[in-house]
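Each chain gets a letter, A, B and so on, in the order the sequences are listed, and its residues count up from 1.
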Amino acid sequence: MGDGRGGGGGSQRPAWLQMYELVGKIGEGTYGLVFLARTKNRKGSIAIKKFKQSKEGDGVSPTAIREIMLLREITHENVVKLVNVHINHADMSLYLAFDYAEHDLYEIIRHHREQLNLAINPYTVKSLLWQLLNGLNYLHSNWIIHRDLKPSNILVMGEGEEHGIVKIADFGLARIYQAPLKPLYENGVVVTIWYRAPELLLGGKHYTSAVDMWAVGCIFAELITLKPLFQGVEVKATPNPFQFDQLDKIFKVLGHPTTEKWPTLANLPHWQTDQQNIQGRKYENPGLHNIVHLNQKSPAFDLLSKMLEYDPKKRITAAQALEHEYFRMEPLPGRNALVVTQPGEKIIAYPVRPVDTNTDFEGTATLQPSQPPSSGNGPGVAGQQMSQRGVPRQMQSMVGMPRVGPNASMAAYNAASQAGMANLNPANLPMQRGTGQQQLRRKDQGMGMQNQGYPQQKRR
Amino acid sequence: MADFETSTHRSKWIFTLEDLMERRASANDTALKMLDQYGTTRVEVNVDGSISYPEPLFDLNTTVEPNTNIKALTCQEEEYMRIFYEQKIQEVCKAFQFPIKIQATSLIYFKRFYLQWSVMQHHPKSIMLTCIYASCKVEENHVSAEELGKGIKQDHKPILNNEMLVLQSLGFDLIVYAPYRPINGFIHDLEESVEIRNSELEHLQNFHETAIQEANKIMLTDAPLLYPPGQLALAALRRSNEVHCVIDFERYMDGVLSRQNSQYSVSELLDFLGSIDYLVDKIKVPTIEDMKPIDRKLRMCLDPSSQDESKRREKKSRKSKRTA
């Protein structure tokens, strides 16, 4: 039957594509491209992330596999929802379909900084932060570390049922943290350094959930000041160079770390070997409050400084942060972070994502060469590298996918895998009877409990 | 551990015995029908990872030589085939000195794969390798397909060709739970409990090692598709305890259950462990000799032309004998 080989290739459109109406390209990263599409049979927009095939001869992209396998196991209101997985056999690429989120923190912050020249209102900051922590607490309690939190990876839903709800996205680097077999640095992973925790910058190889909390601290400060807190200049070299400038920026604000306050500091490789005289340098007194313009006695400042604690063991956890006094005082955080809280306050019309409509799902129809992905504030699902020709889409009601329980989402997956591989029926596993259903219900309850946590249930 | 309680493993991949039998019978049946209709059971996996079914036989009615010579494998023979290659997975993983987690993950992938396909449709030899390859990727112990192929002197291309098929057949549910971690947990718990005295620590180590070996046996049975990993671990520990007599097992379970607020009573749990024991005791790992006739049958099913060739070869050799 050897002559049957290769017959599946060719340029026919895969059947599953017909489920979607392509709107255009909204982003690009090292892993591949992100498209905006609408589902034909249901209302709602979908972000489709296309993963290129990994290195030649290396099969399916490990990043894609990682992201899929983690997202298959988790469901939370503040975590992006994987709706479908599709396979394009023609080029062995995977397409991950997510609920579409119109905004992200990178764009929201930028809009305030560059367009409005106006701080983000305290209710919105607090609600965004609370929801981010809520999602992160869920991940951490499921033993998942995100490892690449940055504003462009924190999505916010546009108008619709889930308006103003935070969704943590981009799990390509996330890990389940039961003793990884290989440390991350060996995988040649490149991530933004601005949100990177000091223990990693000093050569620590052990990832803990505390690295995510450091990033949240940086993001919190950025929400307040509209500027990245520690904008170090990245040293580009392989593998894993010493990022002196980033540490320098941190030390200038938080002061020089000491082994008294941070005992394990002495064991961190770059500190130990005193790279670039890192031990002997002199730094002024800490001045975080001057930069974020917060009263040192305010709960907001207290929370922020606990997130930016040097010693990862002492750094506040997501669960502890959710209990912090800051979230118990007015304005209380709410479910829709983007809603107006004060009468007379102006509704902010955040811009919608630019969409490059000159493309197809292959991403091949784009005429201009795509720029190399920047490592600074590289886009997650967001598309900062859009061509100038990108035509902003008409404002429209971006109704999220109808909220479906885990049951329905799996059914959707199966239905899709059927559609995608009409001739591969065995993959369509019927839902398990009995126990399975019960467990899903249990899971649902668990979710409910997770979400109950909005302090005082302030729904808007 | 990402939470087993809310996992796809628990919600989708724990079955009843009847479920398993039904699925396997239906996979076997599908292959049988293919054989009738197409004269082969092979499902071709193309270089791009897509699959295609064989062309129907020309003019079924007038086929002079219907493939009556080709016999399909029975469900029992399929089971032998699977067990044989499952034990091969353990061998290969050991040879590569992979962590035990990888071995377990590969085995579970392999078991799940053959709930949907018959061994007559996809030869277990290549699926076995793809399962190992995929679990290395998932468990972050990346090994290139080429390295893997070289290590066991096999062509690595089929490993890659089958990757998408395997991932999809697994429904992309790739996080799986094995009994080895819970075994470590129970051992750790025992170390701390008063029941074990210092002098017995070495004894405990032997107890631990035997438990791991018992878990390896359990992994060859259907038990991982029927019971959660914690119960598999307890079954392994109990079997090990029968050898080493380290603890009063029932009392220990009593203690564990009361602490954990378990949904099961001790007697219920003992029933489960009994069923796992039964599966381990009745399993027969076939030898290469046992496999020969089955493998010959399988090769016919997968590639009927090989039969013609062997016939031709037979004829030739007969001829040459005559002429000699």
Quiz prompt | Spacing of A/M69 atom CE and B/L167 atom CG [to the nearest 0.5 Å] | solution = 11.0 Å

Self-check item: B/H142 side chain reached by A/D58 side chain, heavy atoms, under 4.5 Å
Solution: yes

Quiz item: Given side chains that start at C-beta, do those of B/K12 and A/R72 come closer than 4.5 Å, heavy atoms only?
Solution: yes

Exercise. Can you spot which of A/L96, A/L94, A/I65 makes a side chain to side chain contact (heavy atoms under 4.5 Å, CB included) with B/F172?
Key: A/L94

Self-check item: Reported CD1-to-OG distance for the pair A/I74 and B/S7, which is rounded to 0.5 angstrom
Solution: 13.0 Å

Quiz item: Does A/S61 offer a backbone N or O that forms a donor-acceptor pair with the side chain of B/K137 under 3.5 Å?
Solution: no

Practice problem: Answer whether the closest heavy-atom distance between the side chains of A/I68 and B/L174 falls below 4.5 Å. | Solution: no

Self-check item: Distance-only side-chain donor-acceptor flag, A/E73 / B/T6, under 3.5 Å
Solution: no

